[in-house]
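So the structure is just underneath, and the comments pick up after that.
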Amino acid sequence: MIVGIPQEIKNNESRVGMTPAGVFELVKNKHTVYVQSGAGLGSGFSNNDYQQAGAAILDTIAQVYAMSDMIVKVKEPIEEEYDLIREGQILFTYFHFASSEALTKAMIKQKAICIAYETVEDNDGTLPLLTPMSEVAGRMAIQQGAKYLEKPVKGRGVLLGGVPGVAPGKVLVLGAGVVGVQAAKMAAGLGAHVTILDVNMKRLRYVNDVMPPHVTTEFSNEFNIRKHIKTHDLIIGGVLLKGAKAPNLITRDMLKEMKPGTVIVDVAVDQGGCVETTKPTTHEDPIYIIDDVVHYSVANMPGAVPYTSTMALTNVTLPYTLKLANLGWQAACEQDASLQKGLNIVSGKIVYNEILEAFGWEEALA
Ligand SMILES: NC(=O)c1ccc[n+]([C@@H]2O[C@H](COP(=O)([O-])OP(=O)(O)OC[C@H]3O[C@@H](n4cnc5c(N)ncnc54)[C@H](O)[C@@H]3O)[C@@H](O)[C@H]2O)c1
């Protein structure tokens, strides 16, 4: 198969769909890989790195789309790319169709085979191609939180690890899923005192088993949240209700109960956030302040660390990319139930029910 790696042209996206290591594996399996010139630079990979791994470099994005059977990317195609996509071409990337009617209609029109990273699903209901980005965001949440706790950027002026003779900072983590556990681990590593809340006792038991004693678990309810927000310096929002808006566990009135300079990093912002006052921000302008509480709610946190994020993402996408290239998309999806769930739009037809439901299109297109 001929596999193409275009440069990401969405604003502020420096990740790339494949590393030189991925190219090496595909070439080893007798596939041809075309990489757009400069596509890897934002993630630290030069054209020469890709060439040494066996790829050929093409000058323009149009050439990559025109010459490839399968395009492997990171973000959904943007408008400039729509007309480059060809009938029957495989697109393997994040799509998030339910959030964009325009993208969905464009992919129906282009009649491509759209396999979405975010809906590839394992037997136990986990989403293997989303997990690494939650891992990155969870770990980053503590780095960002620690930074914004500093006084010059309006935080409380607390050092999370404390020093001998001074108590460490306190971190409250809402949700003990992927984001929450990674955040708790980083905060604990810095020496902070960590409280982690969840409604899922299995997750709390797991955290209790694997974390050091200065990470304590409690059941998530309004009473406990109201109690802890008064004493904690940094609050991490890592709650997810699959397919739904995150619940507002922290309401506007609660901000007044917090110490001035408390920092909230609401990682769940991409699902509406678990804090009533959360609104999406960008890496250029990541924070805002309400009632003396610093809010950090960047919707694409992994974008700030493209080297790590590209590696983390391509580690998990590569086995599926190889399967698609080796077997073709039909046989690959027949043989692999997880990959089958990634099929969203096939040759102009929506095959993933949640997209139809999101737009109320069931009758029109089913
Ligand atoms: N901002 C970003 O850049 C970024 C990056 C990656 C992930 N995310 C988002 O972070 C969120 C968390 O992702 P995840 O992978 O950790 O999800 P996850 O499913 O692994 O974990 C979510 C946890 O929330 C818990 N939960 C549900 N209701 C709760 C409640 N009322 N109180 C406390 N806990 C509750 C669940 O039991 C679960 O353990 C998602 O919205 C995800 O999209 C954002």
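Atoms within a ligand are numbered from 1 in the order they appear, just like the ligands themselves.
In the model, Lys185 has no side-chain atom that pairs as donor or acceptor with a side-chain atom of Gln182 under 3.5 Å. A donor atom on one side chain and an acceptor atom on the other are not found under 3.5 Å apart for Asp59 and Ser37. Between the side chains of Thr282 and Asn12, not a single donor N or O lies within less than 3.5 Å of an accepting N or O. A donor and an acceptor atom, one from each side chain of Glu81 and Tyr65, are located under 3.5 Å apart. Using modelled atom types, one finds a donor on one side chain and an acceptor on the other under 3.5 Å when comparing Ser338 with Asp122. There is no side-chain donor-acceptor pair under 3.5 Å between Asn48 and Ser46.
Using a 4.0 Å cut-off to heavy atoms of Gly238, the atoms of ligand 1 that qualify are 12 (C), 22 (C), 23 (C), 24 (O). Distances below 4.0 Å separate heavy atoms of Met133 from the following atoms of ligand 1: 5 (C), 6 (C). If you number the atoms of ligand 1 from 1 as listed, the ones under 4.0 Å from a heavy atom of Ala137 come out as 4 (C), 5 (C), 6 (C). Counting the atoms of ligand 1 from 1 in the order shown, those under 4.0 Å from a heavy atom of Gln271 are 41 (O). When each atom of ligand 1 is checked for a heavy atom of Leu197 under 4.0 Å away, the hits are 33 (C), 34 (N). The contact set between ligand 1 and Asn200, taken as ligand atoms under 4.0 Å from a residue heavy atom, comprises 37 (O). For ligand 1, the atoms sitting less than 4.0 Å from at least one non-hydrogen atom of Pro302 are 3 (O), numbered in the order shown with element in parentheses. Residue-ligand proximity, Asn300 to ligand 1, at heavy-atom distances under 4.0 Å covers atoms 3 (O).
Put simply, the side chain of Lys10 reaches to within 4.5 Å of the side chain of Glu76, judged on heavy atoms.
We find the NE2-CG distance between His193 and Asp233 to be 11.0 Å, quoted to the nearest 0.5 Å.
Considering only non-hydrogen atoms, atom 30 (C) of ligand 1 lies nearest to Ser220 out of Gly125, Gly138, Ala141, Ser220. In this structure, of Ser134, Gly272, Gly237, Gly177, the residue bringing a heavy atom nearest to atom 14 (P) of ligand 1 is Ser134. Around atom 39 (O) of ligand 1, the closest heavy atom drawn from Ile196, Val207, Asp198 belongs to Asp198.
Judged by the shortest distance from any of its heavy atoms, Ala246 lies outside the 4.0 Å radius around the atoms of ligand 1. Under the 4.0 angstrom criterion for non-hydrogen atoms, Asp266 is not in contact with ligand 1. Within the structure, ligand 1 lacks Leu174 among the residues with a heavy atom less than 4.0 angstrom away.
Under a cut-off of 6.0 angstrom, the local environment of CG in Asn123 is sparse, with at most 12 non-hydrogen atoms contributed by other residues, nucleotides or ligands. Annotation: Glu284, atom CD; neighbour count of heavy atoms from other residues, nucleotides and ligands within 6.0 Å is above 12.
No option in Ile287, Leu255, Val265 other than Leu255 meets the side-chain contact (heavy atoms from CB on, under 4.5 Å) test with His295.
Checking only distances, Leu240 does come within under 3.5 Å of ligand 1, N or O to N or O. The shortest N or O to N or O distance between Gly180 and ligand 1 is not below 3.5 Å.
From the protein, the heavy atom lying nearest to atom 43 (O) of ligand 1 is Asp270 OD2, 2.6 Å. From the protein, the heavy atom lying nearest to atom 16 (O) of ligand 1 is Val179 N, 2.8 Å. Protein heavy atom at the shortest distance from atom 3 (O) of ligand 1 is Met301 N, 2.7 Å. The protein heavy atom nearest to atom 44 (C) of ligand 1 is Val267 O, 3.0 Å.
A cation-pi arrangement is absent between Lys109 and Tyr82 under the rule of less than 6.0 angstrom and at most 45 degrees off the ring axis.
Ring pair Tyr148/Tyr296 is tilted by interplanar angle, where 30° to 60° counts as tilted.
Contacts between Thr131 and ligand 1 below 4.0 angstrom, taking non-hydrogen atoms only, are absent altogether. Contacts between Val178 and ligand 1, counted as non-hydrogen atom pairs separated by less than 4.0 Å, involve both the backbone and the side chain. Residue Ala299 touches ligand 1 through its backbone alone, judged by heavy-atom distances below 4.0 Å. Counting heavy atoms closer than 4.0 Å to ligand 1, residue Leu249 contributes side-chain atoms (C-beta onward) but none from N, CA, C or O.
The two atoms that bring Phe95 and Glu118 nearest to each other are N-OE1, 3.0 Å, heavy atoms only.
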